[in-house]
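Following: one structure in structure tokens, then a few remarks.
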2 protein chains.
Amino acid sequence: MLDRVSGTLRQHGYRITPQRKAVLETIARAGGYLAPSEVYERVRRKHPSIGLATVYRTLDVLKSLGVICEILAAGDVRTYTLGAPDHHHHLICSGCGRVTDFITRGLEELQQRLELESGFAIEGHVLEFIGRCPDCRSGSMG
Amino acid sequence: MLDRVSGTLRQHGYRITPQRKAVLETIARAGGYLAPSEVYERVRRKHPSIGLATVYRTLDVLKSLGVICEILAAGDVRTYTLGAPDHHHHLICSGCGRVTDFITRGLEELQQRLELESGFAIEGHVLEFIGRCPDCRSGSMG
DNA sequence: CTTACTGCAAAGGATTTGCAGTTAA
DNA sequence: TTAACTGCAAATCCTTTGCAGTAAG
């Protein structure tokens with residue numbers, strides 16, 4: 001994975017730096033979605049001198065290359081995970097904020113209908129469900 | 001409309017103030033979606049002394065009562081329009097930012113499937129399509 | 001070597017909060 | 001009368017930017 005991303009970075013004239021590797025590995029290892037501040041905290045464990053600005057800049061680069069995907073969740077938090085957008089959707093817990101992905105089809109038809117009816121050239125979509133995850137339903141978290 | 005909302009406000013122990021009326025009327029008259037700063041600018045034309053904080057506070061109140069609906073659009077802009085969420089979805093122009101609503105069904109089935117598969121108690125959803133509107137497709141806006 | 005990248009600190013923009021005065025009910 | 005509301009200014013929070021030094025290629 002790192003090899004592939006390194007290639008992508010190089011192809012676009014970006015350099016491979018320890019900071020970029022660390023950010024990417026952190027997101028990859030997390031599995032779920034991390035906010036910039038969370039990425040920062042985790043990267044700092046191994047790489048204490050990294051600056052928050054570098055994390056933001058790295059997230060921008062990786063996002064612009066499609067290496068990571070940003071979700072526009074409720075509560076104005078940006079979070080990031082590995083992978084390109086649009087291939088999956090999100091199920092967000094209103095209790096703990098955890099994000100689960102799901103895949104669905106059928107949006108293509110809807111998209112076609114919308115293009116016809118609205119005249120838009122549709123480029124992408126966001127589909128998020130918000131609810132309470134099993135843990136938060138049973139637990140004492142509110 | 002204002003009467004209905006006044007009733008709602010009163011029922012919840014909120015007072016009817018000129019500022020709240022002005023914010024509500026501004027959003028109602030706009031038809032589309034307004035960011036807090038846009039609401040503020042427009043309200044100021046008729047009500048020059050209003051403060052931005054009051055606009056934010058009013059938006060919070062109206063949103064919490066379901067009188068207005070907030071969309072979580074790309075680019076980290078919050079915008080508001082009349083009406084409760086979840087009854088419609090959004091088609092957002094990536095050129096000019098204008099938002100069009102659409103209504104669709106079929107998400108209920110998907111929701112049921114997700115509840116079964118994930119164990120979530122789903123409370124709501126967001127469905128947004130992003131694309132270029134007819135004006136921006138034909139015009140010179142990029 | 002060259003120039004992209006980094007860390008730091010300062011700047012920026014959006015939203016929230018504290019407070020004393022005001023006003024709806 | 002009285003408690004919710006307001007405007008203002010300051011405070012917060014998140015993100016971006018300027019800069020001089022560092023390091024990838």
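Atom set for the values below is all heavy atoms of this structure, side chains included, hydrogens, waters and symmetry mates excluded. Protein chains get the first letters and strands the later ones, always in sequence-line order, with residue 1 at the start of each. What you are looking at is a predicted structure, and each value in this text was computed from that prediction instead of being measured.
Comment: A:R113 engages A:E117 in a salt bridge, judged by a side-chain N to carboxylate O separation of less than 4.0 angstrom.
Within the nucleic acid shown, A:S37 has no heavy atom closer than 4.0 Å to any nucleic acid atom. If you check every strand for non-hydrogen atoms under 4.0 Å, B:R20 touches sugar and phosphate atoms only.
Residue B:Q19 has a polar side-chain atom (N or O) positioned under 4.0 Å from OP1 or OP2 of D:dG7.
Both B:T17 and B:P36 lie close to DNA chain C; mapped to their nearest nucleotides by heavy-atom distance, the more 5′-ward contact belongs to B:P36. Map B:G13 and B:P48 each onto its nearest nucleotide of DNA chain D; the residue landing nearer the 5' end is B:G13. Each of B:R10 and B:D60 has a nearest nucleotide on DNA chain C; the 5'-most of these lies closest to B:D60.
Using modelled atom types and a 3.5 Å distance limit, the side chains of A:Y40 and A:R44 yield a donor-acceptor pair.
Between the side chain of B:Q112 and the main chain of B:E109, no donor-acceptor pair closer than 3.5 Å is present.
With rounding to whole Å, A:L59 atom CG is found 10 Å from D:dT16 atom P. To the nearest angstrom, C1' of D:dC19 lies 11 Å from CZ of A:R57. Going from atom CG of B:L52 over to atom C1' of C:dG13 covers 11 Å, rounded to whole Å. Atom-to-atom, CD1 of B:I50 to P of D:dC5 comes out at 14 Å; the value is rounded to the nearest Å. When rounded to the nearest whole Å, the span between CD1 of B:I16 and P of D:dA3 equals 19 Å. At whole-Å resolution of the value, OH in A:Y40 and P in C:dG7 are 9 Å apart. Whole-Å rounding puts the B:H12 NE2 to D:dC5 P distance at 13 Å. Following rounding to the nearest Å, A:K21 (NZ) and C:dC5 (C1') show an atom-to-atom distance of 15 Å.
When distances are taken from the side chain of A:Y14 to each of C:dT6, C:dC5, D:dT6, the shortest belongs to C:dC5.
With hydrogens and angles ignored, a donor-acceptor pair under 3.5 angstrom links the side chain of B:R15 to the base of D:dA4.
Contact check for A:H47 versus A:P18: side-chain heavy atoms found under the 4.5 Å cut-off. Under the 4.5 Å side-chain criterion, counting only non-hydrogen atoms from C-beta, A:L65 is not in contact with A:V5.
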